[in-house]
Protein chains: 2
Amino acid sequence: MKARPVDKFDRRRDELAESALLTLGELGYARASLREIAGNSPFSHGVVHYYFQDKLELFIYSIRYYKARCVTRYDAVVRDSASPDELIEAFAAKLAQTIRDEAPMHRLWYDLRTQSMFEDGLREAITEIDGTLEAMIWRVVDRYAELREAQPTVSPKAAYGMLDGLFQQALLAHTALGEPVLDQLAAEVRTVLPLLVR
Amino acid sequence: MKARPVDKFDRRRDELAESALLTLGELGYARASLREIAGNSPFSHGVVHYYFQDKLELFIYSIRYYKARCVTRYDAVVRDSASPDELIEAFAAKLAQTIRDEAPMHRLWYDLRTQSMFEDGLREAITEIDGTLEAMIWRVVDRYAELREAQPTVSPKAAYGMLDGLFQQALLAHTALGEPVLDQLAAEVRTVLPLLVR
DNA sequence: GGTTTTTCTTGACAAGTGTCAAGAACGGGC
DNA sequence: GCCCGTTCTTGACACTTGTCAAGAAAAACC
């Protein structure tokens, strides 16, 4: 008996993951039911169980799928910047742009990361992704240090925590107050990044 | 007809708020049902509707009640430190201690803050509390600057975002890996706080 | 002790949920 | 066109949920 085509099976799982991410970004984890997710897809709720063991497996698959989308977010900034000022400006602009363009995706990331403190099944995947996000931010800081001919003053983990904290505050403010707050994020990054090298 | 005793009414609301916070810290927002909350109290689920309009009002009351508990967390550190090094050590120790002693409370704070991006009804209260947490952190940074006879290098908002990001990373790591990670938080604070003044 | 008021319990209701499985619909092979 | 396998729809099931209200229990008043 012929095995099912891998391509189609994975493609369908990816489609369901995209529907899940859409729903999580709109409603949050607490209200992202399988019927809501199915409602954001061309399928019915039963198809989720055809492709995934259960809801948790869908969510874990979705956030791993999400990872592949975003851990290279700032790599162009790192590659294309030829001076420290250029890198700061490009990085600040990119941070604001990604909040502006993909706010729901960022909200769902923080939501799921928070849920991982309550839901053992999410923790391994979230911890792994957080590690790749830390690495992503570290590539920015490290390159900035290189361009400044200086050394980073903090660890990768601390750099990620600090910049992620600024980003999260900007996202919260953006949710509450809208786009004007993003200028402040850019200003903060211009102040903070130089503090991270010496 | 005599009005109900205000003291008792408010006391009961506070008791229910404590049960709500206990449940939120244990299960997270998504699974904190009124029946679970009641199960963490001496009452039945019906009593919630006797004292609160609905579930959302209970949650908002609970986080405002929570605010009163924690926005003075570091004031003793600020008051009692006579040198920069003393303040840094006391602050680092207090951060680790509060994660060790009250991890569920911190988890629920981040959970509700995240939910406020999805739930309009939570946003005003969360934004207000975040503002008082920012002020709390600023008192630490400002005092540290004073002791160093220097000036802060960042805004209150940036200082809060950065230190809160470190704290949140420590909380996540503590949830996943346990207490040994708190030493790293202390080390990070020793590195980072000096960067915030000049 | 009786009455009134306050406080709380209990359970119903409607709606929603995740999971499962029967079987319909579709596609491929012959 | 038929048969078989794959894919998907549909709806049932058991359970949970927030809210509401009847009425029990407790407390206060006289």
Side-chain angles (χ1 to χ4, degrees), chain A residues 1-24 26-63 111-112 115 118-122, chain B residues 1-24 26-63 111-112 115 118-122:
Chain A
M1 183 174 297
K2 198 173 178 182
R4 62 171 63 131
V6 173
D7 282 356
K8 181 177 178 183
F9 190 83
D10 282 354
R11 237 183 13 260
R12 189 69 88 232
R13 278 162 67 93
D14 288 354
E15 286 177 351
L16 289 165
E18 287 180 358
S19 301
L21 293 172
L22 192 64
T23 311
L24 283 161
E26 178 187 329
L27 299 180
Y29 177 88
R31 283 156 43 214
S33 68
L34 291 183
R35 285 168 176 76
E36 287 283 353
I37 291 167
N40 278 326
S41 81
F43 310 104
S44 67
H45 62 279
V47 81
V48 174
H49 288 277
Y50 186 78
Y51 286 100
F52 294 95
Q53 210 64 23
D54 54 24
K55 187 184 185 187
L56 184 63
E57 195 200 348
L58 169 61
F59 279 10
I60 292 172
Y61 185 90
S62 299
I63 57 190
D111 198 2
L112 289 175
Q115 292 319 309
F118 301 101
E119 182 87 52
D120 290 348
L122 286 174
Chain B
M1 184 175 296
K2 199 174 176 185
R4 60 168 69 125
V6 173
D7 283 353
K8 181 176 179 186
F9 190 82
D10 282 352
R11 232 178 24 255
R12 188 69 89 234
R13 278 163 67 94
D14 288 353
E15 285 177 352
L16 290 165
E18 287 180 0
S19 300
L21 293 171
L22 193 64
T23 311
L24 283 161
E26 178 187 329
L27 298 180
Y29 176 88
R31 284 157 43 215
S33 68
L34 292 182
R35 286 168 175 76
E36 287 283 355
I37 291 168
N40 277 329
S41 82
F43 310 105
S44 66
H45 62 279
V47 82
V48 173
H49 287 276
Y50 187 77
Y51 287 99
F52 295 94
Q53 210 66 22
D54 53 25
K55 185 184 184 186
L56 184 64
E57 195 199 349
L58 170 61
F59 278 9
I60 293 173
Y61 186 89
S62 298
I63 58 189
D111 197 3
L112 288 177
Q115 292 320 307
F118 299 100
E119 183 84 52
D120 290 349
L122 286 174

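Fair warning: this is a prediction, and the values are worked out from it, not measured in the lab. Order of the sequence lines sets the chain letters (A, B, ...), proteins ahead of strands, with each chain counted from 1.
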Q) What do you reckon, are the aromatic ring centroids of B/Tyr29 and A/Tyr29 less than 6.0 Å apart? A) no
Q. Are B/Tyr50 and B/Leu16 side-chain neighbours, meaning at least one heavy-atom pair lies under 4.5 Å?
A. no
**Q.** Nucleotide C/dT19, atom P - distance to CD1 of A/Ile37 in whole Å
**A.** 11 Å
Q: Return the value, rounded to whole Å, for the distance between atom CG of B/Leu58 and atom C1' of D/dT17.
A: 15 Å
Q: For residues B/Phe52 and B/Leu34, determine if any side-chain heavy atom of one lies less than 4.5 Å from a side-chain heavy atom of the other.
A: no
Q) Nearest nucleotide by nearest heavy atom, which residue falls closer to the 5' end of DNA chain C, A/Arg31 or A/Gln53? A) A/Arg31
Q. Does a side chain donor of either A/Gln115 or A/Asp111 reach within less than 3.5 Å of an acceptor in the other side chain?
A. yes
Q: Measure from CZ on B/Arg11 to C1' on C/dT6 and round the result to the nearest Å.
A: 14 Å
(Q) Just to be sure I understand the rule, does B/Tyr51 reach a base, reach only the sugar-phosphate, or reach nothing, if contact means heavy atoms closer than 4.0 Å? (A) sugar-phosphate
Q | Separation of atom CG in A/Leu56 from atom P in C/dG18, rounded to whole Å | A | 12 Å
(Q) With a 3.5 Å distance limit and no angle check, can you tell me whether A/Ser19 reaches the backbone of A/Ala38 through a side-chain donor-acceptor pair? (A) no
**Q.** Among D/dT19, D/dT7, C/dT19, the nucleotide that comes nearest once only the side chain of A/Lys8 is considered
**A.** D/dT7
Q) Can you check the A/Arg12 CZ to C/dC26 C1' distance for me, whole Å? A) 12 Å
Q: Could you walk me through whether B/Glu15 and B/Phe43 pass side chain to side chain contact (heavy atoms under 4.5 Å, CB included), step by step?
A: CA-CA 10 Å; B/Glu15 285 177 352; B/Phe43 310 105; 3.5 Å; yes
Q. What is the distance from CG of A/Leu34 to P of C/dT19, rounded to the nearest Å?
A. 6 Å
What protein N or O atoms touch nucleotides 9-15 of chain C N or O atoms at under 3.5 angstrom, if any, and at what distances?
unit_1, atom_1, unit_2, atom_2, d
C/dT9, OP2, B/Ser44, N, 2.7
C/dT9, OP2, B/Ser44, OG, 2.8
C/dG11, O6, B/His45, NE2, 2.8
C/dA12, N6, B/Arg35, NH2, 3.4

Q | d(NE2, B/His49; C1', C/dT7) in whole Å | A | 16 Å
